[in-house]
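Worth saying up front: this structure is predicted, and the values here are computed from it rather than measured. A note on names: the letters A, B, ... follow the listed sequences, proteins ahead of strands, and every chain is numbered from 1.
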2 protein chains.
Amino acid sequence: MLNSELGVRDIVENPKSIFYLLNQEEKEELQQHISLSRYKKNEFIFKEGDKPNGFLLLVDGKVKIFKEGVGGREQIIRMTKPLGLIGYRALLGEETHNGSAVTLEESLICTVSSDFILNRALKNSDFSHKIISKLCKELGFSNARTVTLTQKHIRGRLAESLILLKDKYGFEHDGTTLRAFLSREDIANLSNMTTSNAIRTLSTFASEKVIAIDGRKIRILDANRLERISKLG
Amino acid sequence: MLNSELGVRDIVENPKSIFYLLNQEEKEELQQHISLSRYKKNEFIFKEGDKPNGFLLLVDGKVKIFKEGVGGREQIIRMTKPLGLIGYRALLGEETHNGSAVTLEESLICTVSSDFILNRALKNSDFSHKIISKLCKELGFSNARTVTLTQKHIRGRLAESLILLKDKYGFEHDGTTLRAFLSREDIANLSNMTTSNAIRTLSTFASEKVIAIDGRKIRILDANRLERISKLG
DNA sequence: TAGCTTTGATGCTATAAAACATACAGACCG
DNA sequence: CGGTCTGTATGTTTTATAGCATCAAAGCTA
């Protein structure tokens with residue numbers, strides 16, 4: 001269920017939002033250039049090759065960003081949680097999107113005009129510094145992923161993905177259930193493996209009592225063990 | 001053989017250098033914060049985990065940046081040519097280096113103090129904009145690589161690496177010989193495969209008349225065919 | 001509620017690539 | 001000069017994982 005109460009004000013005034021770095025004047029101007037849109041589950045936000053038409057911030061929901069590879073096989077590059085940015089690489093690098101974005105659940109997205117971002121916000125050095133820092137972090141992540149996805153074996157890759165989901169979305173109130181309910185196919189596409197292998201390996205983890213599975217609900221029973229499996233490759 | 005004639009002035013006044021974007025005053029100040037150092041072939045510039053101690057620009061030579069993965073197996077993340085930046089992601093993101101940099105041949109590297117970059121250069125919005133654009137491009141490249149290195153088969157990965165070397169370093173005067181003389185091991189580490197498979201596949205390409213090999217000299221005989229092998233995966 | 005579609009589970013087979021084993025050529029060195 | 005080392009080459013074996021087929025369960029829709 002979406003929190004429809006979230007308005008523009010809340011986004012701008014939330015210290016975790018990138019717009020919090022703007023000064024008062026810029027924030028006011030921002031209001032003229034912002035709009036909110038609602039997306040259903042499994043809806044495309046943009047497609048690989050599209051020209052970016054705004055600066056997107058996820059307000060509520062979850063979004064996957066993926067690239068299509070050999071034979072249309074998709075690889076999930078990144079997942080976004082509320083207040084995360086979507087597709088900003090293409091906008092700021094003045095390129096087309098090199099991946100597609102699809103909602104994993106009903107989502108609320110705020111769009112800011114490219115013009116405001118490029119000609120106003122980026123002139124604010126706090127803002128541009130934050131963008132640089134985000135890009136650096138993401139590049140580091142991407143490089144690390146390249147290595148683990150190519151070098152680790154199936155068990156290591158799956159363990160890493162589960163840890164990644166935990167770090168990004170955290171747990172439900174019980175402290176063990178991942179707050180993300182992906183299809184086996186999405187888990188596979190995140191971990192660079194076939195769906196059957198994702199299913200098979202999840203079952204193995206469950207039989208080893210590292211995790212417990214109940215449909216799409218995954219509970220992490222032994223985080224240390226999972227960490228070890230991931231490290232080991 | 002290094003071009004030892006290259007001095008600080010040439011770097012600052014070359015339109016292809018990022019420092020060209022600085023204004024006159026900043027350029028003059030830059031001179032106080034810059035130094036040149038010479039590296040022998042196969043020398044480390046920094047190691048994974050090191051704290052960055054300056055903003056590095058390759059003046060002459062070639063450098064590989066790689067990460068160590070499972071069991072010390074290395075994956076080359078990036079290669080640099082003259083006027084390219086090295087290790088700037090870690091400096092600007094205020095993190096430690098997440099890869100190591102090693103010269104592939106004798107090289108000349110210019111170091112600019114972190115202080116000047118962070119407190120002066122980045123305040124220049126042309127400079128910071130250029131940095132953002134470089135980071136965006138590199139992130140796009142990294143994401144694309146993640147997908148191709150995980151999904152393409154050996155032949156496709158090797159073909160892509162050869163094209164990558166061509167695009168980065170170009171050809172010798174004959175118009176076919178790659179201007180990069182890597183060991184088979186480096187080619188393997190660039191293409192995510194074992195050294196034996198790199199050797200084997202290069203031989204196959206040679207027997208198919210796609211390339212010609214003479215020691216470390218590689219001549220591309222049929223660029224279209226190579227492109228097709230790469231695309232096909 | 002029945003029928004259809006999608007998702008998840010599991011076994012079997014095929015295969016790409018790693019791992020291993022030699023072998024050889026050239027470089028370097030005491 | 002022979003010995004060791006390093007890089008390259010090539011054949012053989014092993015293994016991880018993709019690919020395929022089948023079936024069960026769940027979810028959707030008419």
- Item | B:E74 with B:K64: basic N within carboxylate O range, under 4.0 Å |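 Salt bridge present between B:E74 and B:K64.
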Find the distance [X]:[atom1] to [N]:[atom2] and express it as a whole number of Å.
{"X": "A:Q151", "N": "C:dA18", "atom1": "CD", "atom2": "P", "answer": "11 Å"}
{"X": "A:Q75", "N": "D:dA18", "atom1": "CD", "atom2": "C1'", "answer": "15 Å"}
{"X": "A:I187", "N": "C:dG8", "atom1": "CD1", "atom2": "C1'", "answer": "11 Å"}
{"X": "A:H153", "N": "D:dT15", "atom1": "NE2", "atom2": "P", "answer": "12 Å"}
{"X": "A:L158", "N": "D:dA18", "atom1": "CG", "atom2": "P", "answer": "12 Å"}
{"X": "B:M193", "N": "C:dA19", "atom1": "CE", "atom2": "P", "answer": "14 Å"}
{"X": "A:I154", "N": "D:dG19", "atom1": "CD1", "atom2": "C1'", "answer": "13 Å"}
{"X": "A:F181", "N": "C:dT7", "atom1": "CZ", "atom2": "P", "answer": "17 Å"}

- Partner of A:E106 by salt bridge (Lys or Arg N to Asp or Glu O under 4.0 Å), out of A:K40, A:K41, A:R38: A:R38
- Taking the side chain of B:T194 as heavy atoms from C-beta outward, which of C:dA19, C:dA16, D:dA18 is closest to it? C:dA19
- Message: Between A:K168 and A:M79 (side chain of the first, backbone of the second, donor and acceptor by atom type, cut-off under 3.5 Å), is there such a pair?
- Response: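 Such a contact is found between A:K168 side chain and A:M79 backbone.
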- Got a donor-acceptor contact below 3.5 angstrom from the A:T177 side chain to the A:E172 backbone? no
- How is A:R155 classified with respect to the nucleic acid when contacts are heavy atoms under 4.0 Å: base, sugar-phosphate, or nothing? nothing
Under 3.5 Å, N/O pairs linking protein and nucleotides 5-12 of chain D:
{"unit_1": "D:dT8", "atom_1": "OP1", "unit_2": "B:R216", "atom_2": "NE", "d": "3.1"}
{"unit_1": "D:dT8", "atom_1": "OP2", "unit_2": "B:R184", "atom_2": "N", "d": "3.1"}
{"unit_1": "D:dA9", "atom_1": "OP2", "unit_2": "B:R184", "atom_2": "NE", "d": "3.0"}
{"unit_1": "D:dA9", "atom_1": "OP2", "unit_2": "B:R184", "atom_2": "NH2", "d": "3.3"}
{"unit_1": "D:dT10", "atom_1": "OP2", "unit_2": "B:S203", "atom_2": "OG", "d": "3.3"}
{"unit_1": "D:dG11", "atom_1": "N7", "unit_2": "B:R200", "atom_2": "NH1", "d": "3.1"}
{"unit_1": "D:dG11", "atom_1": "O6", "unit_2": "B:R200", "atom_2": "NH2", "d": "3.0"}

Protein N or O to nucleotides 24-29 of chain D N or O, pairs below 3.5 Å:
none

- Message: How long is the straight-line distance from CG of B:L158 back to CD1 of B:I163, given to the nearest 0.5 Å?
- Response: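 The distance works out to 10.0 Å.
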- Message: For the CG atom of B:L85 and the CD atom of B:E138, what is their distance to the nearest 0.5 Å?
- Response: 9.0 Å
- Item | side-chain contact (heavy atoms from CB on, under 4.5 Å) evaluation trace for B:N53 with B:L91 | CA-CA 8 Å; B:N53 65 354; B:L91 179 71; over 6 Å; no
- Just grab all the salt bridge (charged side-chain N to carboxylate O under 4.0 Å, His left out) pairs involving residues 214-226 of chain B, residues at least two apart or on different chains. B:E208-B:R225
- Item | Member of A:L178, A:T176, A:V210 meeting the side-chain contact (heavy atoms from CB on, under 4.5 Å) criterion with A:I220 | A:L178
